[in-house]
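Notes to accompany the following structure.
Side-chain atoms are counted along with the backbone in the values below, which use heavy atoms only and exclude waters and symmetry mates. By convention here, the first residue in the shown sequence is residue 1. Order of listing sets the numbers, starting from 1, for every ligand and every atom in it.
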Amino acid sequence: MSSDEQDPNHVRIFDTTLRDGEQSPGISLNTAEKLEIAHQLARLGVDVIEAGFPIASHGDFEAVEAIARADFYPHPPVIAGLARAQAPDVEAAARAVRDAERPRIHTFISTSDIHIVHQFRSTREDILAQARAAVAHAKSYVDDVEFSPMDATRADLQYTAEVCAAAIEEGATTINIPDTVGYTTPEEYMAYLAGLYRLIPELKDVVVSTHCHDDLGLAVANSYAGALAGARQIECAINGIGERAGNASLEEIVMLLKTRGDISEGLHTTVVTKELARTSRLVSRLTGYVVQPNKAIVGRNAFAHESGIHQDGVIKERTTYEIMDATTVGLDANSLVLGKHSGRAALKQTLAELGFVVEGAALNTAFKRFKEIADKKKQVTAMDLEALVTDDLRNELASYTFDSFMVAAASGREPHAEVTVTLPDGETAAATGTGDGPIDSVFAAINAATGIDAQLRAFRVDAVTGGQDALGESSVVLQYEGQSASGQGVATDIIEAAGSAYVRALSNVVRKVQAAALAVDIGAGEPVPTP
Ligand code: KIV
Ligand code: ZN
């Protein structure tokens, strides 16, 4: 046990970006992308990474196993796998996390009558027995077992207490109280936890956890109230992603505890706050979920001052209008780092400082792209480099690649595009297309070249940094055979960025269609419903 875990005021940060966050519509991270995020979460210093829901699909299992096997030296976080309170789920989670230095099984079942009657079509007695059996089963594999009574905040307090007491009796070491549908309020959640402490004397011997959804915009406030009521683990996700309106945002809860330490009874986390902005950008890039400009802590405008009075105040004394310093969350990373005369060693060193270990062929690719960009852009910033390295990672993973394009567009004439794409078997395919605009015609040509009739559901282009010579970053969401997936691309030319994003979204959506077909082929039946 580390000294942090013995510290009674240490609030553990349980990150569920890769599990609850990944359940957001349109997000489809593959194993390498999840690993990249897991490494960044470890650098950020989270205490627990919920890596996925191993029984949900082969892809989920593989990703949890890969994260459990990864080397997170020197501070390996706990790696948790989610399991319904059923034997096959618990066994899959146990297999997936078994190689982790610090494995955890997180099992859950609902205690609200609304779920017991309508979803489980069961009885309180049966649910209690299932919870007990699942925790005991999980405990036969790992010491560290978390139990969640799902929809607890809409459930009878007495009954939830009875189920949690049984879970503790069977060896649960963490009891998580989910506000599954984002229904509770800070006062109510505090009173609910106080009620549980009153009804279950053993609750003080385990870690109590919060898991709050944001349907009423109260997820962070409720999590904070939970910590004041005694919880010492907060479940949250980067950028607040997750089911529906999402989970409590990790960066907000961490900065709330840091900034208002004066009234938080000494509660603190061990998160390295300087890594927050970068983690937010990585998750946004890989998931395709844009961070709203006015998002607290990590939004583009979170530290921008528009009104003259505010600007005047901040110039004279920063604290007149800023309660946090942008540098504490890592938002100062956009200073110039490299120029066009910088060499390979400087690039490698700068990437290492940014937390990327890039060597061998990957370094050659990164260097080639850096030179291309440096020729076009006067300044190559840390944010540009991050965008490039993440972009190269996507290319390595895509089964289709966007090789080249030619577009003819003029006023009064229908745009026309020619593209070449490398197919999964290594063959090159060329095709032409027309559309409403140059980018639309490139998308039509890609569909023709790959023979995949995907439908465009969302499309965006943003600038990575400011300035006229900024890199363009594009995100595309596609629908195909009942599945949807996103892809992202970065380039100085926005048509190239959009084409890359489209082809990567195509790779992701085809992978999802194939995984869904495989689940049926192997007799797994319907995909496992996610919580
Ligand atoms: O929202 C929820 O209740 C969950 C549980 C699995 C903890 O995600
Ligand atoms: Zn949830």
**Asked** Is it true that Arg244 and Asp215 have a side-chain N and a carboxylate O under 4.0 angstrom from each other?
**Response** yes

**Request:** For atom 3 (O) of ligand 1, grab the closest protein heavy atom and report residue, atom and distance to one decimal in Å.
**Result:** Thr180 OG1, 2.6 Å

**Message:** For Tyr183, is the OH atom crowded, meaning more than 12 foreign heavy atoms sit under 6.0 Å from it?
**Reply:** no

**Request:** Give the numbers and elements of all ligand 1 atoms closer than 4.0 Å to a heavy atom of Met150.
**Result:** 3 (O)

**Request:** Looking only at protein heavy atoms, identify the closest one to atom 4 (C) of ligand 1 and say how far it is in Å.
**Result:** His211 NE2, 3.4 Å

**Request:** May I ask you to decide whether Arg285 forms a salt bridge with Glu473, counting only side-chain N to carboxylate O separations under 4.0 Å?
**Result:** yes

**Message:** Quick check: do Arg511 and Asn508 have side-chain heavy atoms less than 4.5 Å from each other?
**Reply:** yes

**Request:** Kindly indicate whether the side chain of Glu146, heavy atoms from C-beta on, has any atom under 4.5 Å from the side chain of Arg104.
**Result:** yes

**Asked** Does any non-hydrogen side-chain atom of Glu235 lie less than 4.5 Å from one of Ser209?
**Response** yes

**Message:** Using a cut-off of 2.8 Å, how many protein N, O or S atoms sit around the Zn ion (ligand 2)?
**Reply:** 3

**Those atoms of ligand 1 less than 4.0 Å from some heavy atom in His213** = 1 (O)

**Request:** Would you check whether Arg19 reaches within less than 4.0 Å of ligand 1, judged by its heavy atoms?
**Result:** yes

**Side-chain (Asn239) to main-chain (Ser280) donor-acceptor, under 3.5 angstrom** = yes

**Prompt:** Hey, is Glu162 close enough to Arg124 for a salt bridge, meaning N to O under 4.0 Å?
**Reply:** no

**Test item: side-chain donor near acceptor, Ser57 and Asp60, under 3.5 Å** = yes

**Request:** Taking only heavy atoms of Asp20 into account, list the atoms of ligand 1 that are under 4.0 Å away from them.
**Result:** 8 (O)

**Request:** Using distance alone, decide if ligand 1 has a nitrogen or oxygen within less than 3.5 Å of any nitrogen or oxygen in Asp151.
**Result:** no

